[in-house]
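Values in this document were obtained by computation on a predicted structure and should not be read as measured data. In what follows, chains are A, B, ... by sequence order, proteins preceding strands, each numbered from 1. In what follows, every heavy atom counts, from backbone to side chain, and hydrogens, waters and symmetry copies are set aside.
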Amino acid sequence: MNALSPLTADQSYLRHFWHPVATVNELEAADPAGNGPIGRTLLDEPLVIARLDGKYVAMHDRCAHRFAKLSVGKVLDNNRIQCPYHGWEYGASGRCEHMPACPNDAIPKKAFTPAFDCEERYGIIWVRLDSSWDCTNIPYCEAWENPEYKRQIVAEPYNWDSSAERRWENFTDFSHFAYVHPGTLYDPAYSEPAIVPVDRVGGELRFFMEPGRDMLDTLPDDSPLGSWNYRNTMPFSVNLSIRLYKNDQPFLLWTTSSPISATSCRNFMIIAHTDENLPDSQPLDFQKIVLAEDQPVIETQPGPIYLDEVSLPTDKISNQYRKWLRELSAAAAKGEEAFKAALYTDVTESK
Amino acid sequence: MNTQRVKVRRIVEQTPEIRSFELVPCDGSSVSFTPGDHIDVHAGKDLIRQYSLWNGPDDRDAYQIGVKREENGRGGSAAMHTLKEGDEIEVSLPRNNFELRSDDGPVILIAGGIGITPVLSMARHLQAMNRKCVLHLFARSDEHLPFKNELAALDEVPIHLGLVPPELDAVLTRILSNPPKDARLYFCGPGPFMDLIENLAKTCGWSSDRVHLERFSVEADSLDLDGESFELVLQQSGVTLTIAEGQTIIEAMEAAGLEPMTSCEQGVCGTCLTTVLEGEPDHRDLYLNPAEKDSGTLIMPCVSRCKGKKLVLDL
């Protein structure tokens, strides 16, 4: 068998985007003060995440001294991360500010660990590894924008042995509903998916679809059947805004996959709805069922996407998503202007 | 390709989703067809859709088609639903992939939803020939039942409304059980419905040469690979090939012993994306966007061709 051809030769373009790394809840679970530190991996880069002086920081998770992980150290005085091995202390910029073994010596210039852009939004901590072009935004999420929503749930993140690309495609794949989620999300009688217009607007891949209303009769009440409106910030975010058929209320399923490596991902989810009396466990448990149906299948796929995969016209969303990833990767290799053009040139197909 | 101009003479709202159209040749000629025929309808620029004829044997002055509006389709059915009586459009001559065999045994016809159109034509013909035939029609509800007038004129049309598995399987099994040796089965409808009937027919002992079907799918652009011969220069390989009429660039390259990167064979996946160095591409794919197509610098060689006599590619 011939060697497979990957969709993108160079994955470094992903470093220019904001990716989620942890929830604020996770930081609080690690440390009652909510300062961390905790260790996470993004695009093979080990990171230490902490809150210093009330601001979230992300740094390469390695003390410059003997390369121990800062994430197993602690936060001192709310403003420094201390290495667990010899007590070197780092400030928010990543510079070492104190070496307890020789406190009066000059601190070497190389005694630092690289710090990255880090922000909190939606109860989630976001990191951008390469901010040299500074042209990307934290992905769109409708949960706090639409005043109809009375409850926003930031779910506990979950890891999959799958790439972020595969996770994104799985979430937006219309053809698998009838096979992987019969009776949960879909009626097997609707196995031929609609082929819908797909637009690129402001760095988002947008599309809309209305699954058959008849399915209301056969699907469980928690199934979010309705008109499905997707606004997906590239590369790994999905904002699925649903108008439920059963009560004409909005329901939001938002997910963003964070690439740990080419073969593993950590997934963040926000659910927003209008029912103040609904216990959080109810929509969360339903999503757990859906995820348990997907995960064992998706984890059998290789992480990278290959050009050798055989696509159908009904795979339009995946085909057009892949097209955009390929263009972004190629454009990033050419430089800043090409990358901005590839990301922000709108292409609209729908009227 | 042979097309003819037709005028929309009459539009009938069959159901909330289905409209029927009577299309009369503008040159006043009569129409000739066989049951199971379909025509290509040019519903708009680059929107060619195939619709089966439901004509009876005496409907010789117009093509009769039925179009279900697919809300999430690619615009073909939506464009058809904007047509008004008096409009003129282009259609192809009828073609048949779903032929009614001319033997004398009993016939079972089964249709799901808009899949009724070809089998309705068959039933009308069989009845006119006094041949034994039953048409089973499956629809979601009475409101979704098209062609009520035409169905009323048939002798035997059991109607099955709102059935889902397992009741659907049970009813179909009853219809398909104990087939007479000389019987034939014809059916048309949405994909899963077709799969179910195909499997049940096998289980019920139908031999495959007596089972005939036409897959009726959610509207998809029909892929047109026709086109004239042209010369293809592959710059990197230093090879010149002649692409024959109807042959694709990829096919010609493979025939010449080359191994181009290719996958889907229908212009959707992007694997064979290639830079055009010279010549005007004739795009047939669904991958490139309009601006990319207009630029003339990119081509999907698994389906696309050349508008002139010569095309030079960076391959």
Student: Please check if the number of heavy atoms outside A/Lys334 that lie under 6.0 Å from its NZ is greater than 12.
Tutor: no

Student: Within the supplied structure, the quantity of interest is the number of heavy atoms (other residues, nucleotides, ligands) at a distance under 6.0 Å from A/Gln301 CD; does it exceed 12?
Tutor: yes

Student: Apply side-chain contact (heavy atoms from CB on, under 4.5 Å) to B/Leu273 and A/Arg326, showing your working.
Tutor: CA-CA 11 Å; B/Leu273 179 68; A/Arg326 206 175 167 190; 4.2 Å; yes

Student: What part of A/Gln320 is in contact with chain B, defined as an atom under 4.5 angstrom from a non-hydrogen atom: side chain, backbone, both or neither?
Tutor: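 Contact with chain B involves the side chain of A/Gln320 alone.
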
Student: Roughly how far, to the nearest 0.5 Å, is CD of B/Glu292 from CD of A/Glu327?
Tutor: 5.5 Å

Student: Do A/Glu309 and B/Cys269 have side chains that approach each other closer than 4.5 Å (heavy atoms only, starting at C-beta)?
Tutor: no

Student: Which atoms of B/Phe193 are under 4.5 Å from chain A, going by heavy atoms: the side chain, the backbone, both sets, or neither?
Tutor: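 Neither part, no heavy atoms under 4.5 Å.
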
Student: Could you look at A/Leu312 and say if it's the side chain, the backbone, both or neither that has a heavy atom under 4.5 Å from chain B?
Tutor: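 It is both, since atoms from each part get that close.
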
Student: Measuring from B/Asn289:CG to A/Arg200:CZ, what's the distance to the nearest 0.5 Å?
Tutor: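 Atom-to-atom, B/Asn289:CG and A/Arg200:CZ are 6.5 Å apart.
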
Student: With a 4.5 angstrom heavy-atom cut-off, which part of A/Ser5 approaches chain B: side chain, backbone, both or neither?
Tutor: side chain

Student: Using atom types as modelled and distance alone, determine if a side-chain donor or acceptor of B/Thr271 lies under 3.5 Å from a backbone N or O of A/Leu307.
Tutor: yes

Student: Please find the pair of heavy atoms, one from B/Val268 and one from A/Ser311, that lie closest to each other, and give the distance.
Tutor: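 Here B/Val268 and A/Ser311 meet closest at CG2-O, 3.7 Å.
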
Student: If I measure from the heavy atoms of chain B, does A/Val347 come under 4.5 Å with its side chain, its backbone, both, or neither?
Tutor: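 It is the side chain, since no backbone atom gets that close.
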
Student: When rounded to the nearest 0.5 angstrom, what is the spacing between CG in A/Asp315 and SG in B/Cys264?
Tutor: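 If I round to the nearest 0.5 Å, the distance is 9.5 Å.
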
